[in-house]
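Heads up: the structure comes next, in structure tokens.
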Amino acid sequence: TVNNNTVYRAGNSNMPATTVTTKLAPGIKYKLVAFNSDGTLNQTKEYTVGSEATTGPMSLDAGKNYTFVAYSFNGTSSLPDVSYKTSVKTFANAILPAVDKDLMVFVAKNRAISHGDTKLAIVLKHRFSMITTKLTMDSKMTGSIKSLLNTTMGPTHANATFNFTDETLTYGGTMTSRPSILWPSLEVGLREVISTPTLLIAPKASNKTLVFGSIMIDDESKTNFTISNIRVNPGCKYNLNLNFRTCTQEAKLAD
């Protein structure tokens, strides 16, 4: 049986991350692959969360050891099969090439199968970064958030290849265009805005930047406004909280 969980290490950019485990939503697809003890491919099955009984369990030989991998793109579309670095379909050669979606993977090596039902508790771990950006206005500010245009974050890579044997990522080329931050529709009088989560495919770094092509708050506008030195770590989910306040300076009367 499969225990459908997903794990992200989550926190704010300047705080230690904590592990957060959540259930996969109904309808999400994932694939389960079994390799024999000699590393050769045994079988593959695709499951849909909430409808596993329709597909049925894997039939494997009791008393033998297997290596299992499971993976998902956190979506409802069918998944590609595992690829191989050579023509030999073995666990040692197994990869997921050029993934550009929310990759989640589980690997269990040399797992013994007993007689009867063997429960395989699968916890899928996110392998890329995810950032949710929140903008708020200080209580002392007047007005509202009126415009957020062409907001992007990066740099980031176009995709990455996952290697099952050592669970490492090989990154593709850097994207020439940076991922866009998607905001909800700005209602009149809005003083807080939260983006949809933004996927970042990148190794551990502290050089990411958030760029507002144009931002207008309280009738004050700026172009190419940049927040620098944002850190990311693969497998971590972040909340980037930006609080805007009025810049004041003490005024002195001339003698």
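- Tracing side-chain contacts under 4.5 Å through hydrophobic residues (I, L, V, M, F, W, Y), one never reaches Val211 starting from Leu242; they form parts of separate clusters.
- Heavy atoms only, all atoms of each residue included: Ile131 and Ile230 are closest at CD1-CG2, 4.2 Å.
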Notebook entry, point to check: How far apart are the C-alpha atoms of Tyr47 and Ile28, what are their side-chain angles, what is the distance that settles it, and do they pass the side chain to side chain contact (heavy atoms under 4.5 Å, CB included) test?
Noted result: CA-CA 8 Å; Tyr47 292 93; Ile28 298 297; over 6 Å; no
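- The two atoms that bring Ala94 and Val82 nearest to each other are CB-CG1, 3.7 Å, heavy atoms only.
- Rounding to the nearest 0.5 Å gives a distance of 11.5 Å between CG of Leu149 and OG of Ser180.
- No donor-acceptor pair closer than 3.5 Å links the side chain of Thr223 to the backbone N or O of Gly213.
- The two residues Phe164 and Val107 have their closest heavy-atom pair at CD2-CG2, 4.1 Å.
- Aromatic ring pairs are classed by plane angle as parallel below 30°, tilted from 30° to 60° and perpendicular above 60°; the pair Tyr84 and Phe35 is perpendicular.
- Using a distance-only test at 3.5 Å, with no hydrogens or angles considered, no donor-acceptor pair links the side chain of Tyr30 to the main chain of Leu124.
- Salt-bridge check for Glu167 with Arg127: passed, with a basic side-chain N closer than 4.0 Å to an acidic carboxylate O.
- With hydrophobic clusters built from ILVMFWY side chains whose heavy atoms lie under 4.5 angstrom apart, Met175 does not share a cluster with Ile181.
- For the 3.5 Å distance criterion, the side chains of Asn163 and Thr165 fail to qualify, holding no donor opposite an acceptor.
- When all heavy atoms of Ala70 and Ile122 are compared, the closest pair comes out as CB-CD1, 3.8 Å.
- Taking CG of Asn42 as the reference point, atom OG1 of Thr67 lies at 11.0 Å (rounded to 0.5 Å).
- Ring-plane geometry between Phe212 and Phe244 is classed as perpendicular, the angle between the planes exceeding 60 degrees on a 0 to 90 degree scale with a lower cut at 30.
- In this structure a side-chain-to-backbone donor-acceptor pair under 3.5 Å is present from Glu52 to Gly50.
- No side-chain heavy atom of Thr48 sits less than 4.5 Å from a side-chain heavy atom of Thr54.
- Transitive grouping of hydrophobic side chains (ILVMFWY, heavy atoms separated by less than 4.5 Å) keeps Leu210 and Ile194 in distinct clusters.
- Two residues are said to be in side-chain contact when any heavy atoms from C-beta on lie closer than 4.5 Å; Thr132 and Tyr238 fail this criterion.
- With hydrogens and angles disregarded, a donor-acceptor distance shorter than 3.5 Å links the side chain of Lys45 to the backbone of Pro57.
- More than 12 heavy-atom neighbours from other residues, nucleotides or ligands sit within 6.0 angstrom of NZ on Lys85.
- Between the side chains of Ser37 and Asn65, not a single donor N or O lies within less than 3.5 Å of an accepting N or O.
- Every residue two or more places apart in sequence or in another chain that forms a side chain to side chain contact (heavy atoms under 4.5 Å, CB included) with Pro155 is listed here: Thr174, Arg178, Lys208.
- Of the inter-residue distances, the one linking Ser114 atom OG with Lys64 atom NZ reads 15.0 Å to the nearest 0.5 angstrom.
- In this structure, Asp218 contributes its side chain and Ser144 its backbone to no donor-acceptor pair below 3.5 Å.
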Checklist line | Check against side chain to side chain contact (heavy atoms under 4.5 Å, CB included), Leu135 and Asn241 | finding: CA-CA 6 Å; Leu135 273 58; Asn241 300 320; over 6 Å; no
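- Residues Leu182 and Val193 do not share a hydrophobic cluster, defined by chaining ILVMFWY side chains whose heavy atoms lie under 4.5 Å apart.
- To the nearest 0.5 Å, the span separating CD1 on Ile95 from CG on Leu169 amounts to 12.0 Å.
- At distances below 3.5 Å, at least one donor-acceptor pair connects side-chain atoms of Tyr171 with backbone N or O atoms of Ala202.
- No donor-acceptor contact under 3.5 angstrom links the side chains of Asn74 and Ser72, judged on distance only.
- Arg191 is not listed as a side-chain neighbour of Ile145, based on a closest heavy-atom distance of 4.5 Å or more.
- Proximity of a side-chain donor or acceptor of His157 to a complementary backbone N or O of Gly172 within less than 3.5 Å is detected.
- For the atom pair Asn243 CG and Lys134 NZ, the distance stands at 9.5 Å (nearest 0.5 Å).
- The two residues Leu120 and Arg111 come nearest to each other via the heavy atoms CD1-NH1, 3.2 Å.
- Considering only heavy atoms from C-beta on, Lys29 comes within 4.5 Å of Glu46 through its side chain.
- In this structure the side chain of Thr142 never reaches within 4.5 angstrom of the side chain of Met137, judged on heavy atoms.
- Residues Val33 and Leu41 form a side-chain contact, since some pair of their non-hydrogen atoms from C-beta on lies under 4.5 Å apart.
- Using bins of under 30°, 30° to 60° and over 60° for the plane-to-plane angle, the ring pair Phe73/Tyr71 lands in the tilted bin.
- Expressed to the nearest 0.5 Å, how far CD1 of Ile217 lies from CE of Met141 amounts to 6.0 Å.
- A donor-acceptor contact closer than 3.5 angstrom is absent between the side chains of Ser206 and Asn229.
- Nearest heavy-atom pair across Ala158 and Ile201 is O-CD1, 3.9 Å.
- A donor-acceptor distance shorter than 3.5 angstrom exists from the side chain of Ser195 to the backbone of Thr133, with no hydrogens or angles considered.
- Judged by distance alone, the side chain of Thr161 and the main-chain N or O of Ala98 form a donor-acceptor pair under 3.5 Å.
- Here the side chains of Thr151 and Phe225 are not in contact, with every heavy-atom distance at 4.5 Å or above.
- Listed for the Asp138 side chain is a donor-acceptor partner under 3.5 Å among the backbone atoms of Lys140.
- By the criterion of side-chain heavy atoms lying less than 4.5 angstrom apart, applied directly or through intervening Ile, Leu, Val, Met, Phe, Trp or Tyr residues, Leu79 is grouped together with Phe91 in one hydrophobic cluster.
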Next item on the list: Would you please test Leu96 and Leu103 for side chain to side chain contact (heavy atoms under 4.5 Å, CB included) and show each step?
Entry: CA-CA 10 Å; Leu96 283 175; Leu103 174 64; 3.8 Å; yes
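- The shortest distance between side-chain heavy atoms of Pro179 and Met153 does not fall below 4.5 Å.
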